[in-house]
Amino acid sequence: MRKNKFVFVSVILMLTLSLALFAACGDDAPADPPATEVVQEVEAPAPEPEPEPEPEVEPEPEPEPEPEEDEPVLVEFPPGAVYSLFMDVNVQALDTGTMGASNVLATPYLMEAGSPSFTIVEGLGGNNAIQLTNREENWHALDLSREHFDWDPANNEYLLTVRGNLPFGAGSTVIIGGPDSPWGWFANTEADENGDFIVSVVVSDETMSAMEGGAGQFDRGFRIQTNDTQNMIIYSINLDRYIPRDENVIYSLSTDPLVQFLADGVFGAGNVLATPVLMQAGDPSWSIVENPNGGNAIQLTNRGENWHALDINRQNILDFDMDTANNEYLLTVTGTIFFGGTAIVGGPDSPWGWFGNQEIGQDEDFEITVTLSDAAFEDTGSPEQFVRGFRIQTDNTNNLTVYDIVITRQ
């Protein structure tokens, strides 16, 4: 009896422990394993074949842009000058022998009339000149374009002067006219026995309007031609403010517009000596000062040597290189020397003789007059020293002021 009771109690204890253990474990019992997803394998489609590459096509080259035309080089002419062939860098920078209208006339100031041939040839004083050949008509010529002129012909007068040569004949007529209808003869002259010519005309709205056919023919500019078809060389073209000169005066400083229209105090050889008639000797300093007789004078300072002076270039005096073989001229120079000394007119080349001279004291003025002719040059024993022109200097290095230079045909 006791044994059965013990067994029964043992069974009860075991059941109780089991229930307590089950209650303690509760939710920590392992979950059922997830159901396995069945994936059906699908066969991948075959890759589409790659398309054949299209053949490469060379792109059409883009057309090259049209070359831009060079802008015309406008020249900054000095006061008093409207145009000068001597100062036109577009022409003067060319090599001798340059041919063709597009080359020779690569300047905004000159134009071709008709179809002559153009060539750069050596001119006066080492400057470039323009030669016209193959002139099939007398109007096949050279036009001076006024498009870029800095001028006021309504209120001022200007002197247009053209100098040149007709190599294959004398006696022909050289003409300045209009480049448009009715092509009037604004000015004309006959070449001399050597073919040399110089023709000039005073230009203003009034003088152009007075021409037969009216001023309209000059709207584009002026034509330089002949009355025949022979060759023509143009040495110089100058269009300057006009200051009237006395009769038979071929040059004077007091009427040189490239000097007289400068402002008082302008300095530097490039400015003061912009006129082609005057040249620098040595390296003095240059300035424009007031002439006590009126107008502008030229002053030379910092003269390291007595020959640092002012030269007159006779080749650029507009009178056929001064015909001293057949004419006599008087050269008169006036001025002053600071603190006095001897003023001299001589030759710019060896042996630099004293052609004329005058000694003055402080605060005095000088006036030297000499005769210019082949005979007078021969009398010095060295005529070659005057081939280029004449020198104005002193016997010392004092400051020198030149009031006026006057050359008069006798």
Side-chain angles (χ1 to χ4, degrees), residues 80-81 84-87 123-125 127 129 157-165 174 176 187-203 234-261 273-279 291 293 295-298 310-335 345-348 355-356 367-377 383 386-392 402-410:
S84 168
L85 184 62
F86 288 149
M87 301 179 196
L124 302 176
N127 295 293
E157 291 183 327
Y158 300 84
L159 185 65
L160 173 58
T161 304
V162 180
R163 180 181 180 184
N165 180 269
V174 183
I176 295 176
N188 65 90
T189 190
E190 287 191 4
D192 70 9
E193 64 274 10
N194 298 314
D196 292 322
F197 66 84
I198 180 170
V199 57
S200 61
V201 61
V202 175
V203 180
I234 305 297
Y235 292 143
S236 65
I237 304 171
N238 290 296
L239 181 60
D240 304 317
R241 286 280 296 273
Y242 178 55
I243 305 175
R245 295 194 299 256
D246 292 338
E247 188 177 1
N248 292 326
V249 172
I250 65 170
Y251 177 78
S252 69
L253 183 65
S254 60
T255 61
D256 189 330
L258 303 187
V259 175
Q260 296 306 318
F261 285 103
L273 303 184
T275 174
V277 178
L278 303 179
M279 299 186 300
N291 182 344
N293 303 312
N296 286 342
I298 296 177
L310 177 64
D311 286 355
I312 302 170
N313 182 357
R314 62 182 289 192
Q315 291 182 317
N316 286 342
I317 297 172
L318 299 178
D319 189 47
F320 307 130
D321 194 17
M322 292 185 61
D323 184 9
T324 53
N326 299 300
N327 294 290
E328 282 191 350
Y329 304 82
L330 286 184
L331 167 61
T332 301
V333 181
T334 57
V345 173
F355 197 35
E367 180 176 318
I368 301 173
T369 299
V370 294
T371 299
L372 308 181
S373 68
D374 283 0
F377 302 150
F386 303 107
V387 170
R388 287 196 302 122
F390 315 97
R391 177 161 295 169
I392 303 168
V402 178
Y403 296 154
D404 204 358
I405 301 167
V406 182
I407 302 177
T408 307
R409 184 189 299 107
Q410 298 301 290

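Everything numeric in this text was worked out from a predicted model, so none of it was measured.
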For the backbone of [Y] and the side chain of [X], can you confirm whether one donor and one acceptor N or O come within less than 3.5 Å of each other?
X    : Y    : value
D311 : M279 : no
Y329 : D323 : yes
R245 : T255 : no
N165 : N194 : yes

What is the minimum heavy-atom distance between [X] and [Y], and which atoms define it?
X    : Y    : value
G164 : Y235 : CA-CD1, 3.6 Å
P348 : G389 : CD-O, 3.1 Å
A129 : I234 : CB-O, 3.2 Å
L258 : A81  : CD2-CB, 3.2 Å
T371 : A376 : O-CB, 3.5 Å
I298 : L278 : CD1-CD1, 3.7 Å

Spatial distance of atom [atom1] ([X]) from atom [atom2] ([Y]) [nearest 0.5 Å]:
X    : Y    : atom1 : atom2 : value
N291 : Q260 : CG    : CD    : 7.5 Å
R314 : I250 : CZ    : CD1   : 9.5 Å
Y251 : I405 : OH    : CD1   : 5.5 Å
R241 : E157 : CZ    : CD    : 10.0 Å
F261 : D240 : CZ    : CG    : 9.5 Å
L331 : I392 : CG    : CD1   : 6.5 Å

How about F390 and V370: do any of their side-chain heavy atoms sit closer than 4.5 Å?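 A side-chain contact under 4.5 Å is absent here.
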
Quick one, V202 and L159 - any side-chain contact, counting heavy atoms below 4.5 Å?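 Sidechains of L159 and V202: in contact.
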
For the residue pair F386 and F377, does the interplanar ring angle fall in the parallel (under 30°), tilted (30 to 60°) or perpendicular (over 60°) class?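 Parallel, since the angle between the ring planes stays under 30°.
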
Using the side chain to side chain contact (heavy atoms under 4.5 Å, CB included) rule, pick out the option among I237, T189, L160 that qualifies with I176.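 When side chain to side chain contact (heavy atoms under 4.5 Å, CB included) is applied between I176 and each of I237, T189, L160, only L160 qualifies.
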
Intermediate values then yes/no, side chain to side chain contact (heavy atoms under 4.5 Å, CB included), D246 and T408: CA-CA 9 Å; D246 292 338; T408 307; over 6 Å; no

Does V174 form a side chain to side chain contact (heavy atoms under 4.5 Å, CB included) with V162? I'd like the steps, not just the answer. CA-CA 10 Å; V174 183; V162 180; 5.8 Å; no

Going by the rule side chain to side chain donor-acceptor pair (under 3.5 Å), which residues pair with D404 if we only count those two or more places apart in sequence or in a different chain?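 Testing D404 for side chain to side chain donor-acceptor pair (under 3.5 Å), a comparison that skips the adjacent residues, returns S254.
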
More than 12 heavy atoms of other residues, nucleotides or ligands under 6.0 Å from CD of Q410: is that the case?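 Yes, the 6.0 Å shell around CD holds more than 12 heavy atoms from other groups.
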
